[in-house]
Every structure is written in structure tokens, then in C-alpha cells.
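Please read the structure below before turning to the comments.
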Amino acid sequence: MKARTFRTWLAHLESKGRLVAIDKKVSLEYEIAAVAKKLDGKKAVYFSNVENYGMPVVSGICSTRDDFAEALETDQYGIIPKFTEAVTSPKACRKVSNQDAPVKENIITENIDLLKTFPIPVHHEMDSGNYITAGLFITRDPVTRKQNVSIHRLQISGKDKLGVLLLPRHTFHLYKQAEEEGRALECAIVVGVDPVTLLASQASTPFGIDELEIASALRSEPLETVRCETVDIDVPAYAEIVLEGKILPHIRESEGPFGEFPKYYGPRSDKEIVQLTAVSHRKDPIFYTIIPAGYEHLLLGGIPREASLIQSVRQTVPSAVAVHMSPGGTCRYHAVVSIKKRNKGEAKNAILAAFANSFDIKHVVVVDEEVDIFNMEEVEWAIATRFQVDKDLVVVEGAQGSKLDPSTNDGFGSKTGFDCTVPLNSEPMRYKRISIPGYANMDIQEYLNETSSGVNPEHLEHGNRIMHRKLSGRIP
């Protein structure tokens, strides 16, 4: 399996020429983020010479849909079916001992100092400081013993202290239960895992499903896990770094601003605090960072949302073919849905089902199945030629949206749907797409033969004479 561990995936990227090593000395403050952003969607980056640190930094390990498809050993059209199957049929992990877990090669329980130990970058101009952006945040339900895995922005708030943004989801629910009982919630933060486990952490599931078991289902073998030293949490045994700690009850401290996925700053406010109790890491660890609002960040959020969205839409419109959360909509706000339309009104039902799936979704475009929803030029063409505002527009006013969308009133705003499907009773030729016979199967390389003798120079000279005469006014 190419993506068995973080390191096997890096080795695979390097073998394919998709990992570039930067040997020039780079600063944690903005420079790592700037270089990685320049190569976003093109190549992963391995920074071997980080100023004041002997530890390398990596970013961009999966910044295209094809990267994730390759890690999952499928193609981009197989990502969602495979992910959906794993979500519905998670598989148990395999627990191993400390001796068989590389992440236990170094264990620190005293004098923890995050910024002295790890090269944690500052990403954007107005960020409040250094942030861990690629840490799997793992907690456990003390009643069911099931774990929950998510990713949260983590501000370095002290030598052994983190500020965490907890949105009102599963981790927040577990924390509030603990806080109401006056106790801390144990947690572990895992940095440097394979892209399959990373993607599984973002699954949209009912409360009580362990995302590490989804990662196990996505792999060709069970994910190996190991118990933490100071908290009752199981973590991936081949991770690069694990931070153990507790979210303290009834304590809030300043966190933010921080550059977020909509490409705006999440504001400063008082947030929950994680007090660290231990650190473990591999020998010669590699620190992994995700550039906020880069393709890697957006796709990590978008692909699992697509898996949830297609299930929601199919409950209302069983003929739904595929969905896509587009990068232009930050893989959160814009959804494109293709359907095999059989009944009048199905497109509008699909729009309403998409809105019901997630409050983040703001604009929905529904197209016919022959439109390539991963090609936004095709989607825009469908809007241009198959949509009329007086009969094909759906508007929902006064709905809950994303609080990180600056155009809303603290998350309160409107949503819009576009029915861009062909009317069922239209004349056969009215919406028939033009086509060139043989185009789809043509291999253009056969026509771009490098051994060609090129254009006849006499033809070029003749053409130049004609052009000169035109410009001289000799030819009307």
C-alpha cells in the first residue's frame, strides 16, 4: 500500500517526481507557507533546512483529487463510493505494543516546550502566532469507549499549552459533557499520518463512529494503533508525533485571529485550552503542516462532505449520479449535483436536499449527467445555456450558514439553487450538444510527432509576403 504510513507516502511521491526538497534555509514565519503555497496543487514540499531547527517540515502531500485517489488505490470517480462504503462499514484497528510502535521511540513527560522541540509555522500575516494545522484531535466517549477524530486549529499558547477552536460538533459535545461534570476531557493530537487516515478523520458520521476504524476500512490491512502514555486514547502507531493532554474545564483564553478556509481570518475570541501531559515522537521525526485555504486543506474538507452529500441527495432523488464541492466555493459553500432526470421537479428537490445536508452549503447547481461536474467550465456552460432565473432559481432566505462567511450576518443569510437541467419535454434538437466524430478517442500525440519535418519554409515565406501586402494596403 503506497499510503501505509506518512513516510511510505512521501517515498512514493518522491519516486514519482511529485515531492520537491528545499535545501535553502527557510524561516517558520511566513516563508514555509509562501513556498508551499507557490507549489500548491503541483508538488509536495520537503523543507530540509528550517532555521533554528534540525527537524524537517513537509506540506502538500495530497493537494489534488488524483493524489487522494491514488492513496485510496482508485480513480477520482471511485473516491466517493469507496469512502462511503468505509463510512458505512468501519473495521477494527489492530492494537500493538510500545515496542512495535515507532511513535513511541521518544517519550517526553517533563519540561515540555513545543516551540523548542517542533518547527511549527506562522502561516498568514495577521495570524496570532504559531499554529498546528494538521493535527488529528482524538477524544474518547467514556461511556461507549468509542473515539472521535477531527482536525482543529491549534494555537501555541504556551510552552505546554494550546488554544483550540471547538466547533459545535462531536468533540465539543464530549467536552461539554465533561465540563458540566467539572472534569477535563482527555485528548491526543497526532501529527504526520498517512493521507488515508487523514481523510478518514474528516468523515461526516453519526455520533459514536470512530474515524480510525473508517481509516482501517479504507486500507488493505487494519490500521495499527497504540495506547498513549498519560491519557486513555489510542493513536496511529506509525504517526510522526503525538501530543497528549486534557481540555481544561471552565477555562478560556485568547485565540486567533487565524487565516481560515474561506481565505479570510477567523476572529480572535476566548477559546478552550489544552494542557499537555506528554509528547512522543519517532526517531528523527518529520513535522507536517497544512497551508490553510490551500488545495490540501480544501480537499480534506470537501471529499468527505461529498460522500455525505450524495447520500442525502439520493434519499430524495435516487437518480443522483455524483456531487462535487468545488474549490472555488472553498469545498464547503458550493455544491454541483448531477442527476439522471426522470421526473419534473427533481432538480429542485435535489437543491433542497443539498441545503438540508449541511448549513455550510450556500449555492447549489444541478446539472444533467452528461455534464462533467469536475470541470467548472462545463458547469458554467450549463448555467449559461440551461438556466432561466424566472423559472429555474430557488431562493431560501433567512437560513443558517457558515459563521466564517463574511457576507452573512454572523452565519445568518440566504441560499440559492440553480436548476440547470434540460426540460423533459424539450424538442430533441433544442439541447443536443454539438460533437465531432472521433474526437473523444483521438490520441493527439499521434499528430504531434516529434520527428516531423515541420512547416515548409516556402509556405511560411509565401504567407509572410501575403501578410506584408495586406498591411501595405495592396490587398483589400
Checking Lys2, Arg65, Arg18 against Glu70 for salt bridge (charged side-chain N to carboxylate O under 4.0 Å, His left out), the one that qualifies is Arg18
Pro90 and Val87 have their tightest heavy-atom pair at CD-O, 3.6 Å
In this structure, CG of Leu243 is separated from CG of Leu276 (nearest 0.5 Å) by 5.5 Å
Applied to residues 121-146, the ring-ring contact (aromatic ring centres under 6.0 Å, His included) test, sequence neighbours excluded, yields Tyr131-Phe258, Phe137-His152
Applied to residues 187-217, the ring-ring contact (aromatic ring centres under 6.0 Å, His included) test, sequence neighbours excluded, yields His170-Phe207, His173-Phe207
Show, in sequence, the C-alpha distance, side-chain angles and deciding distance for Asp66 and Thr64, and conclude whether the side-chain hydrogen bond (donor to acceptor under 3.5 Å, both in side chains) test is met. CA-CA 5 Å; Asp66 284 337; Thr64 69; 5.2 Å; no
The complete set of side chain to side chain donor-acceptor pair (under 3.5 Å) pairs with one or both residues in residues 292-301, sequence neighbours excluded, reads Tyr288-Glu296
| message | Between Thr330 and Pro262 (side chain of the first, backbone of the second, donor and acceptor by atom type, cut-off under 3.5 Å), is there such a pair? | response | no
When every non-hydrogen atom of Ala217 is compared with those of Ser89, the smallest separation belongs to CB-O, 3.5 Å
Is there a donor-acceptor pair closer than 3.5 Å between any side-chain N or O of Glu240 and the backbone N or O of Ile286? yes
query: Do Asp405 and Tyr333 have side chains that get closer than 4.5 Å, going by heavy atoms?
result: yes
Do Leu166 and Val164 touch side chain to side chain, with heavy atoms closer than 4.5 Å? yes
Check: Thr74 and Lys82: side-chain hydrogen bond (donor to acceptor under 3.5 Å, both in side chains), yes or no, with the steps?
Finding: CA-CA 8 Å; Thr74 184; Lys82 187 167 186 175; over 6 Å; no
In short, ring-ring contact (aromatic ring centres under 6.0 Å, His included) pairs touching residues 62-90 with sequence neighbours left out are Tyr77-Phe374
Side chain Ser201, main chain Leu198, donor-acceptor under 3.5 Å: yes
Quiz prompt | Cationic N near anionic O, under 4.0 Å, Arg433 to Glu378 | solution = yes
Check: Any donor and acceptor pair, going by atom type alone, linking the side chain of Glu255 with main-chain N or O of Glu272 inside 3.5 Å?
Finding: no
Side chains of Ile383 and Val367, heavy atoms from C-beta outward: is any pair under 4.5 Å? no
Q. Is Asn130 close to Leu115 at the side-chain level, that is, under 4.5 Å between some pair of heavy atoms?
A. yes
Residues pairing under side chain to side chain donor-acceptor pair (under 3.5 Å) where one sits in residues 202-213, two or more places apart or in two chains, turn out to be Lys146-Glu213
Arg252 with Glu179: basic N within carboxylate O range, under 4.0 Å:
yes
Here the gap from Tyr439 atom OH to Ile444 atom CD1, rounded to the nearest 0.5 Å, amounts to 8.5 Å
>> For Asp232, is there an ion pair with Arg140 - N to carboxylate O distance below 4.0 angstrom?
In response: yes
Heavy-atom donor-acceptor pair, Glu346 side chain to Arg342 backbone, under 3.5 Å
yes
Given the options Ile233, Leu212, Val235, Thr225 meets side chain to side chain contact (heavy atoms under 4.5 Å, CB included) only with Leu212
Checking Lys362 against Ser414 for the side-chain hydrogen bond (donor to acceptor under 3.5 Å, both in side chains) test, could you report, in this order, the C-alpha distance in whole Å, the side-chain angles of both residues, the deciding distance, and whether it holds?
CA-CA 7 Å; Lys362 181 178 179 181; Ser414 299; over 6 Å; no
Any sub-3.5 Å donor-acceptor pair from Asp75's side-chain atoms to Gly78's backbone N or O?
yes
Going through the checks in order, is the side-chain hydrogen bond (donor to acceptor under 3.5 Å, both in side chains) test met by Gln155 and Ser157?
CA-CA 6 Å; Gln155 174 186 276; Ser157 299; 3.0 Å; yes
Taken to the nearest 0.5 Å, the spacing of Ile151 CD1 from Thr133 OG1 works out to 8.5 Å
**Asked** Would a 4.5 Å heavy-atom cut-off, applied to side chains only, mark Phe47 and Phe287 as touching?
**Response** no
Do side-chain atoms of Ser216 reach the backbone of Ala92 as a donor and acceptor pair under 3.5 angstrom? yes
Q.
Looking at Arg4, is its backbone amide N or carbonyl O close enough to the side chain of Trp9 to form a donor-acceptor pair, meaning the two atoms are under 3.5 Å apart?
A. no
Here the pair of heavy atoms bringing Val103 nearest to Pro236 is CG1-O, 4.1 Å
Output for pair (Ile209 CD1, Thr88 OG1), nearest 0.5 Å, gives 9.0 Å
- Mark yes or no for whether Asn148, through its side chain, and Thr139, through its backbone, hold a donor-acceptor pair below 3.5 Å. no
What one should report as the nearest heavy-atom pair of Asn343 and Leu424 is C-CD1, 3.5 Å
Rounded to the nearest 0.5 Å, the CD atom of Gln400 sits from the CZ atom of Phe355 at a distance of 14.0 Å
When you measure from the side chain of Ser63 to the backbone of Gly41, do you find a donor-acceptor pair of N or O atoms at a distance under 3.5 Å? yes
Min side-chain heavy-atom separation Ile120-Leu154 under 4.5 Å
no
*asked:* Quick test of your reading of the model: are Glu260 and Arg153 salt-bridged, counting only N-O distances below 4.0 Å?
replied: yes
The complete set of salt bridge (Lys or Arg N to Asp or Glu O under 4.0 Å) pairs with one or both residues in residues 381-394, sequence neighbours excluded, reads Asp368-Arg386, Glu370-Arg386
